[in-house]
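Step one of this worksheet: look at the structure below.
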Amino acid sequence: MKKALALALMVAANWAHAERIGDVSTAFKLVGPDHKIVVDAFDDPKVHGVTCYVSRAKTGGVKGMVGLAEDKSEASIACRPVGPISFGAPLPKEEEVFSEGLSPLFKKLRIVRMVDKTRNTLVYLTYSDKLIDGSPQNSVTAVPVDRATPIPVK
């Protein structure tokens, strides 16, 4: 049990933390918060100088207020260089860099970074999944890296 907890904490420490940039209301709810579209930003924890912006639906109402709502699967992503791009260590060819629950139990929004070594480009994919079945809805964005700074790959 202790090993599993330590592994979970170690994996969680590697995930980026989202920062709320803003939101807009899409439907008025008489009781509880309105339904919204939220925009969050996260900095890739292993790629300095890259920030990803994710927009997604956030369910309001009573269920949203008490944390029992299941948010929709749709999300959009745009990642951009926000400074000089550098790498702390070699990157795996594919790695989950962010995960957030969309329902109380089994639905998650995930962001995966892939390395396109041929084009010296970082590709970020966002999608949602469930324990039983996920959604094919996804969004992808790419960040080209200057050829003078080759992406180190494990």
Side-chain angles (χ1 to χ4, degrees), residues 3-26 33 35-60 63-117 119-146 149-154:
K3 286 182 183 179
L5 180 60
L7 179 62
L9 289 173
M10 188 171 67
V11 168
N14 287 328
W15 284 340
H17 298 286
E19 174 188 341
R20 180 67 35 93
I21 299 300
D23 59 61
V24 294
S25 294
T26 59
H35 294 318
K36 299 179 184 292
I37 296 173
V38 299
V39 177
D40 295 325
F42 79 89
D43 298 321
D44 188 323
K46 292 185 179 176
V47 181
H48 309 288
V50 172
T51 298
C52 293
Y53 298 90
V54 178
S55 67
R56 62 183 176 81
K58 184 82 173 144
T59 305
K63 284 186 176 182
M65 182 172 60
V66 296
L68 296 176
E70 182 172 315
D71 293 333
K72 296 185 183 257
S73 297
E74 299 92 1
S76 181
I77 188 169
C79 299
R80 300 292 183 264
V82 293
I85 296 176
S86 62
F87 307 92
L91 302 175
K93 184 86 172 131
E94 183 176 305
E95 177 180 27
E96 183 174 288
V97 293
F98 181 78
S99 177
E100 180 179 33
L102 297 178
S103 72
L105 295 176
F106 303 113
K107 189 174 186 181
K108 288 189 177 254
L109 172 74
R110 298 184 184 278
I111 298 174
V112 174
R113 179 196 339 98
M114 301 172 193
V115 177
D116 179 351
K117 187 78 172 154
R119 292 161 193 84
N120 209 46
T121 299
L122 301 168
V123 179
Y124 293 86
L125 169 72
T126 184
Y127 67 98
S128 69
D129 66 1
K130 284 186 175 181
L131 184 62
I132 307 270
D133 67 13
S135 170
Q137 295 180 347
N138 63 80
S139 182
V140 67
T141 187
V143 178
V145 179
D146 186 344
T149 309
I151 300 171
V153 180
K154 287 183 190 177

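When a residue number appears, it is its place in the shown sequence, counting from 1. All figures in this text were calculated on a predicted structure; none of them were measured in a lab.
Remark: side-chain polar atoms of Lys93 are not paired, donor with acceptor, to backbone N or O of Lys154 under 3.5 angstrom. Remark: the backbone N or O of Val54 is not paired with any side-chain donor or acceptor of Asp40 at under 3.5 angstrom. With hydrogens and angles ignored, the 3.5 Å screen pairs a side-chain donor or acceptor of Ser139 with a backbone N or O of Ile77. Of the possible polar contacts, one joining the Asn120 side chain to the Asp146 backbone as a donor-acceptor pair under 3.5 Å is found. With hydrogens and angles ignored, the 3.5 Å screen pairs no side-chain donor or acceptor of Ser128 with any backbone N or O of Arg110.
Minimum heavy-atom separation, Ser55 to Ile37: CB-CG2, 4.3 Å. Closest of all the heavy-atom pairs between Ser25 and Lys36 is OG-NZ, 3.6 Å. Closest heavy-atom contact between Pro45 and His48: O-CE1, 4.3 Å.
Proximity of Arg113 to Leu122: side-chain heavy atoms (C-beta onward) are separated by under 4.5 Å at one or more points. Looking at Asp44 and Cys52, their side chains never come closer than 4.5 Å, going by heavy atoms from C-beta outward. Arg56 places a side-chain heavy atom less than 4.5 Å from the side chain of Val38. Proximity of Thr51 to Asp43: side-chain heavy atoms (C-beta onward) are separated by under 4.5 Å at one or more points.
Among Phe42, Tyr127, Tyr124, the one residue that satisfies the ring pair (Phe, Tyr, Trp, His ring centres under 6.0 Å) test with Phe98 is Phe42. With Val143 as reference, Ile85 is the one residue of Thr121, Val47, Ile85 to meet the side chain to side chain contact (heavy atoms under 4.5 Å, CB included) rule.
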